[in-house]
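Working notes, structure below.
Here, residue 1 is the first one in the sequence, and each next residue gets the next number. The figures here come from the full heavy-atom set of this structure, side chains too, leaving out hydrogens, waters and symmetry mates.
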Amino acid sequence: MTTLVTGATGALGSRVMQLLSRQAGLDVVVLESDRRLHRAHGSERHIDADRLVHLTAGDHDTLALRGANALRVTEQVLADPAAARVTHLVLLSSAMVYGAWPNNPVPLTEEAPLRADVSFGFAHQLAQVEQMVDAWRLSVPGRSVTILRPVLTLAADGTSSVVRALAAGIGARLDEDDPPAQFLHFDDLASAVALGHDDRLDGVFNVAPDGWVAGETVRALAGTPPRIRLPAWLIEPAVDLRWRFQRGPIPPGLWPFAQHPWLVANDRLKAVGWRPTVTNEQAYVEGTEARWWTMLTPQRKQELALGGMVGAVVAAAAGGLKAAQRARRRRMSV
C-alpha cells in the first residue's frame, strides 16, 4: 500500500509521518511543492498511490510563504499523475469554515452550514476546497474522503501565525465578557489524521478536545491584565488604535473569531474510536509563550492597565478634538 503526503514537515506533518511510518507494508511518499515525488527514504521513482493525506491545504503559514492559496494547491495535488489511482483522501480543513457568528449553536456539529466570513480569505478558501474534494469523491465510484475540521491547534514546537494571533487575542476584549474557546494539541490532531487514513473514514469530522474553556480562564492562563471597562463610544477607537500601533494581536479579518463562539462537538470522531489525550488548558499553556507581564506584581499590572486605558482615552479624545477643529474650519471657509 502506498500513501502520498503533502505538508510532511512542520509540527503536524512530522507527527503524521512518524505515525504512518510505523505501519508495516505501508510505503509513505512525500509530494513536494515542485511536484517531484520522493519516498520517505529519499529515492525518487514512479509512484502508484492509493491514498492521499493532504495537509498543505490547512497549513496557513506554508501557503502564505509560497504565495499560494488552498484552492490552487489542492487543484495541483488532485491533478498530479501520482494521485490518479488514489481512492481515499484525508483533507486537513479547519473549524473556522463554520464562521464566528453571535447566533452559532453551542456546540457546532458537522451538520452545521458553512458560513466562513469572506473577510478572512483562508477560511473561505477552505470551505471551497471541501466542496472541491467532495466533487472529486463523487466523480469516481469507490472513492472516499475524510475531512477534518480542527479547532485552534498548538504545540511547543510549532504554532501558526493565525493561531498565535487568536490565542493572544482571545481574552483581550475591552467591552464584554470573552467567549469560551477550544485548543487542540498537534499530537491529537495527528492521531485523527492517522485514524482517517487507516480506517478510510468517509465524511466530515470535527477535531477538538472534550469541552471548552471559559474566556475568563483563558485570560487567567495568559496572565492578561485586569479588564478595564471602557464606555461604549470609546471601544471602537481604542481597538483601532491598538491594532494600528501593534498593541493588539488580531487583524480585522480575524477579529470575529475572538468575539463570537465557534465551539465544535467531537462526538462523531470519538464514535469511531478517536480519543483526545491533551486538555484545552494543557494545549494552550504548551503552545503559547509566557508574556512579559505575567512576572509583574499585581499592583504593577494594574498600574500598566490603567495607564494603557488612559492613553487610549486621551488618544480617542485627541482624535475627536482634531475632527471637531477640521469641521469648524470647513464651516468657516464656506
Side-chain angles (χ1 to χ4, degrees), residues 57-58 60 70 91-134 145-154 160 162-163 165-173 175-185 188-189 192-193 195-196 201-219 221 250 252-276 278-284:
H60 173 272
L91 172 70
L92 177 64
S93 183
S94 169
M96 300 180 87
V97 296
Y98 293 116
W101 304 97
N103 62 347
N104 273 345
V106 177
L108 292 153
T109 66
E110 289 83 354
E111 285 74 26
L114 304 189
R115 301 193 294 165
D117 194 329
V118 294
S119 63
F120 182 45
F122 179 60
H124 188 62
Q125 289 168 20
L126 283 178
Q128 294 175 291
V129 167
E130 289 193 16
Q131 295 176 347
M132 180 188 299
V133 299
D134 192 52
V145 172
T146 305
I147 296 178
L148 299 177
R149 295 175 180 166
V151 295
L152 299 179
T153 311
L154 310 89
S160 75
V162 168
V163 176
L166 282 172
I170 293 173
R173 299 179 67 186
D175 53 344
E176 303 173 8
D177 292 334
D178 302 290
Q182 291 172 303
F183 303 99
L184 178 70
H185 196 279
D188 287 336
L189 178 54
V193 172
L195 179 63
L201 301 179
D202 195 18
V204 179
F205 299 87
N206 295 330
V207 193
D210 293 332
W212 45 81
V213 290
E216 288 304 313
T217 302
V218 178
R219 290 178 64 85
L221 292 173
I250 300 185
L254 279 178
W255 186 241
F257 290 93
Q259 288 181 302
H260 310 301
W262 48 291
L263 308 171
V264 303
N266 63 5
D267 303 80
R268 179 176 290 181
L269 191 57
K270 289 178 68 176
V272 294
W274 179 80
R275 292 292 182 271
V278 183
T279 67
N280 286 282
E281 293 87 349
Q282 290 169 336
Y284 179 88

For this session: Check whether any side-chain heavy atom of L114 lies under 4.5 Å from a side-chain heavy atom of Q131, and answer yes or no.
Result: no
Exercise. Is there side-chain contact between L108 and L263, with heavy atoms separated by less than 4.5 Å?
Worked result: no
Problem set entry | Heavy-atom closest contact (L126 atom, S94 atom, distance) | CD1-CB, 3.7 Å
Exercise. Without hydrogens or angle criteria, can the side chains of R275 and N266 be said to hold a donor-acceptor pair below 3.5 Å?
Worked result: no
Seminar exercise, completed: Tightest non-hydrogen contact, residues Q182 and W262, listed as OE1-O, 4.3 Å
Problem set entry | Closest contact, heavy atoms only, L269 versus L201 | CD1-CD1, 4.4 Å
Problem set entry | Nearest-0.5 Å distance that lies between atom CG in L148 and atom CG in L189 | 7.0 Å
Exercise. Counting only N and O atoms by type, is there a donor-acceptor contact under 3.5 Å from the side chain of Q125 to the main-chain atoms of A70?
Worked result: yes
Exercise. With a 4.0 Å cut-off, would you call R149 and E130 a salt bridge?
Worked result: yes
Problem set entry | Closest non-hydrogen atom pair, G196 against T146 | O-OG1, 3.5 Å
Problem set entry | Stepwise side chain to side chain contact (heavy atoms under 4.5 Å, CB included) test for R268 and E111 | CA-CA 11 Å; R268 179 176 290 181; E111 285 74 26; 2.2 Å; yes
Problem set entry | Validation row: V163, T153 side chains within 4.5 angstrom (heavy atoms) | no
Exercise. V145 versus V204: any side-chain heavy-atom pair under 4.5 Å?
Worked result: no
For this session: Check P276 against P209 and note the closest heavy-atom contact, atom names and distance.
Result: CB-CA, 4.1 Å
Problem set entry | Member of N104, N206, T109 meeting the side-chain hydrogen bond (donor to acceptor under 3.5 Å, both in side chains) criterion with Y98 | N206
For this session: Would you check if V151 and W212 make a side-chain contact, meaning some heavy-atom pair closer than 4.5 Å?
Result: no
Exercise. Considering only heavy atoms from C-beta outward, does the side chain of V213 approach that of P180 to under 4.5 Å?
Worked result: no
For this session: Apply side chain to side chain contact (heavy atoms under 4.5 Å, CB included) to the pair H60 and F122, showing each step before the final yes or no.
Result: CA-CA 7 Å; H60 173 272; F122 179 60; 3.8 Å; yes
Exercise. Which atom names give the shortest non-hydrogen contact between V278 and A283, and what distance separates them?
Worked result: CG1-N, 3.7 Å
For this session: Identify, with sequence neighbours excluded, every residue that meets salt bridge (Lys or Arg N to Asp or Glu O under 4.0 Å) alongside D267.
Result: none
Exercise. Is there side-chain contact between T279 and Y284, with at least one heavy-atom pair below 4.5 Å?
Worked result: no
Problem set entry | Test applied, side-chain contact (heavy atoms from CB on, under 4.5 Å); reference residue, V207; option that passes from V264, L184, D188 | L184
For this session: Can you measure from CH2 (W255) to CG (D117) and round to the nearest 0.5 angstrom?
Result: 14.5 Å
For this session: Decide side chain to side chain contact (heavy atoms under 4.5 Å, CB included) for L152 and F257; before the verdict, give the C-alpha distance in whole Å, the side-chain angles of both, and the deciding distance to 0.1 Å.
Result: CA-CA 11 Å; L152 299 179; F257 290 93; over 6 Å; no
